[in-house]
Amino acid sequence: MKDSKKKNKATKILTTTSLNDLVQIQKWWEKPPEEDNDKSDEEEETKKWKHMEHNGVLFAAEYEPHHVKIKYKGEPIDLTPEQEEVATFWGTVIGSDFAKREIAIKNFAKEFRKVLPEKYKNADFKDFDFTPIREYLDKKKEKMKNKTPEEKKADKEKRQKLMDYYGWALVDGSCEKMANFLVEPPGLFRGRGEQPNTGTIKKRIYAEDITLNIGEDEPVPVCTQPGHSWGEIVSNNEGTWLAYYKVRKNTKYVFLNSSSKFKGMSDYKKYEKARKLKNCIEKIREDYNKKLVDKNMENRQLGVATYLIDRFALRVGNEKDLDDEADTVGCCTLRVEHIKFPENSPNTITFDFLAKDSMRYLNTVKVEPIVYENLKRFVKGKNPGDELFDLVKAQKLNDYLKSLMDGLSAKVFRTYNASFVLQQQLNKKNFKIDDDINEKINYYNSANKDVAVMCNHQRTVPKNYEAKSEQMQKDLQEHQKYLAELKDYVKNFKSNKNKYKDSKNEFVKKVFPSSKEKAQILLKNLEEKVKKKSLKLKDRESNKQVALGTSKLNYMDPRITVSWCKKNEVNIEKLFSKSTRDKFPWAMYTGPDYHF
DNA sequence: CCCGCACAGTCCGTTTTGGGACA
DNA sequence: CTGTCCCAAAACGGACTGTGCGG
């Protein structure tokens, strides 16, 4: 058979060759991709690869019935494996915040009823008791936890084997890590915010649902799902995806990891584009400022919308399908109800709306008088639910931006603003080489924080945050007290010798050594410790609702960070984790003089 | 008294998968 | 609209840290 021949070839290349031999880093950044000023190259641009092979995707394991019975009005009921699987979906979430949400309950109850035997079709969902399944799952989890080290090691090796087999793709001569290869397992859909589909079922995906993308003459990956075969095999080298399938309306792609050439190059281009914007930002601001006083209302709205995107790093705001998606907005979809004009504060507006991921954007800001006047005018005579920019859609705004700069779109402003702010903040302070490393890191983090706040990157405060904070506060105070005592002890060593005794309270073991030298060493260490604790506490508090990672990974030009680290002799590992460094190989060689 | 070690709880990096932009 | 890719927070899980105990 033709296919089995191909199969062998795939196995041969990707599994018999040592990964170390295959991973040849292509240093594409040594010859950075040019802006395509040469039109004849455009066709080449759309072809992303010549050769691509991989081992396909891995499916979630088949459902294994556990035969634990849920109860209906206190009585255990028999379920088929199919019904039991659905019941188990709920079993895994009961007790969580998710399972308490009204939409989740409503949607799941409907799904559950669909698969139940006829006699329960009109049953009240509240009469079902899933706790037996929950208890079973908890026990299972406990068992997993209590595995012997040998068993755990075996599990790990098994996972690693799968990773070695599925986790890599061969693209144009280099072996690249994949971002994902496991097909999303069946379960409950967890929408964010008031997502209308929260709690509905994500069906099991079969090989027939998968479309694979491989090179024209490459071997077809082995389908490891018994009794099934791939839906479609294509060779589309205008895309960078390796496979896709649909979960309801959403297309799920299998892509390469962010360390790959595909991702790295487009990241590089993204930041170069943002730098290009930096070079013509004055001209662009001039242009949209002119629009603010244009006679044409559409142009005015265009001007104001662009102003908001530039000044406040708003997203563009495409239109959404509210039947399937949560009611969240961006700039062009802002409604009258999302903006307030606080009394007695001239030229001040308050934004309050749900943005991407249903994250609340609440911000009171000063704007130019002409912007203020315009906004007042846009809301006049409209209902709260009416669109603020009724004459401007995302498409139109981006068309306008394109006319100002080649390749400009709304999101470029976010990248530009984030990188610009980081660079500015870092420039503000000059460290001496031997300044405290923790202070340097802290300073960088606070610059990072400014960016995150601007981009509205939030995180939920951890459940035990307050309690932990209080404890840390007390701990710090005790250490400070001890520090003062120890200082005094050292300073008046002889006379104080009997005044202080070693002691231990809840937080700190106080030691007063009998020799002055020992006390001095201790003092020095303690000073370090107190400083560190104090910094950490401050950092923790000011970052409690801010997520620094998103801007670090997606918005701030990594070369700014690398350059700053070199200039200030800070190890990059202090600021970029392993995977972050792997994501930005092209930025790691940046010198200390780089400027965004 | 001090040191090493096990254990638990927390922290933090990584993975997952849902949301959004834009051609 | 669809197709593709970038962005996003939450879930997850392993590493770290600090603590208490025994030798």
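Note on naming: letters A, B, ... go to the chains in the order of the sequence lines (proteins, then strands), and numbering restarts at 1 for each one. What you are looking at is a predicted structure, and each value in this text was computed from that prediction instead of being measured. Values below: all heavy atoms of this structure, side chains included; hydrogens, waters and symmetry mates excluded.
In A/Lys139, the NZ atom is not crowded: 12 or fewer heavy atoms of neighbouring residues, nucleotides or ligands sit closer than 6.0 Å. In the displayed structure, A/Glu194 atom CD is contacted under 6.0 Å by at most 12 heavy atoms of other residues, nucleotides or ligands.
If you check every strand for non-hydrogen atoms under 4.0 Å, A/Gly330 touches nothing. As judged by a 4.0 angstrom heavy-atom cut-off over every strand, A/Lys468 is placed among residues touching the sugar-phosphate backbone only. At the heavy-atom level, A/Gly191 lies under 4.0 Å from the strands shown only through sugar-phosphate atoms. Note on A/Gln195: only backbone sugar-phosphate atoms sit closer than 4.0 angstrom, heavy atoms only; bases stay farther off. A/Thr460 comes within contact range of the sugar-phosphate backbone alone, with a heavy-atom separation under 4.0 Å but no base atom that close. When heavy atoms are screened at a 4.0 angstrom cut-off, A/Lys249 is found touching no nucleic acid atom at all. Counting any heavy atom pair closer than 4.0 Å across all strands shown, A/Ala326 reaches no nucleic acid atom.
Bracketed by its first and final contacts, the part of DNA chain B lying under 4.0 Å from non-hydrogen atoms of chain A reaches from B/dT10 to B/dA23 in 5' to 3' order.
Heavy atoms only, all atoms of each residue included: A/Met472 and A/Leu537 are closest at CB-CD1, 3.3 Å. Residues A/Ser235 and A/Glu216 come closest through the heavy atom pair OG-N, 3.1 Å.
Comparing A/Ser579 and A/Pro185 by the nucleotide of DNA chain B whose heavy atom lies nearest to each, the residue mapping closer to the 5' end is A/Ser579. When the nearest nucleotides of DNA chain B are assigned to A/Met472 and A/Ser577 by heavy-atom distance, the more 5′-ward of the two goes with A/Met472.
For the helix from B/dC2-C/dG23 to B/dA23-C/dT2, the angle separating the two terminal helix axes comes to 10°, with each axis derived from five pairs and the value rounded to 10°.
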Measure all distances between protein nitrogen or oxygen atoms and nitrogen or oxygen atoms of nucleotides 12-18 of chain C, and list the pairs falling under 3.5 Å.
residue, atom, partner, partner atom, Å
C/dG14, OP1, A/Arg159, NH2, 3.3

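Between A/Trp586 and A/Tyr268, the ring planes lie perpendicular to each other; the angle is over 60°, past the 30° to 60° tilted range. The aromatic rings of A/Phe353 and A/Phe351 stand perpendicular to each other, their planes meeting at an angle above 60°, with 30° marking the opposite boundary.
By the 6.0 Å and 45° rule, A/Arg540 stacks over the aromatic ring of A/Tyr465. In this structure, A/Arg190 satisfies the cation-pi test against A/Phe98, with its NZ or CZ atom closer than 6.0 Å to the six-membered ring centre and inside 45 degrees of the ring normal.
A donor atom on one side chain and an acceptor atom on the other are not found under 3.5 Å apart for A/Thr328 and A/Arg192. In the model, A/Asn197 has no side-chain atom that pairs as donor or acceptor with a side-chain atom of A/Asn107 under 3.5 Å.
Residues satisfying the side chain to side chain contact (heavy atoms under 4.5 Å, CB included) test with A/Asn180, not counting sequence neighbours, are A/Val254. Contacts of A/Thr580 classified as side-chain hydrogen bond (donor to acceptor under 3.5 Å, both in side chains), with partners at least two apart in sequence or in another chain: A/Ser577.
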**Asked** Can you check side chain to side chain donor-acceptor pair (under 3.5 Å) on A/Thr561 and A/Tyr444, steps first, answer last?
**Response** CA-CA 9 Å; A/Thr561 304; A/Tyr444 175 89; 2.7 Å; yes
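Rounded to whole Å, the distance from CG on A/Leu188 to C1' on C/dA10 is 16 Å.
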**Request:** Using a 4.0 Å heavy-atom cut-off, write out nucleotides 1-8 of chain C from 5' to 3' as B (base contacted by protein), S (sugar-phosphate only) or - (no contact).
**Result:** --SBBSBB
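Outside the 6.0 Å centre-distance limit, the rings of A/Phe181 and A/His54 are not counted as a close aromatic pair.
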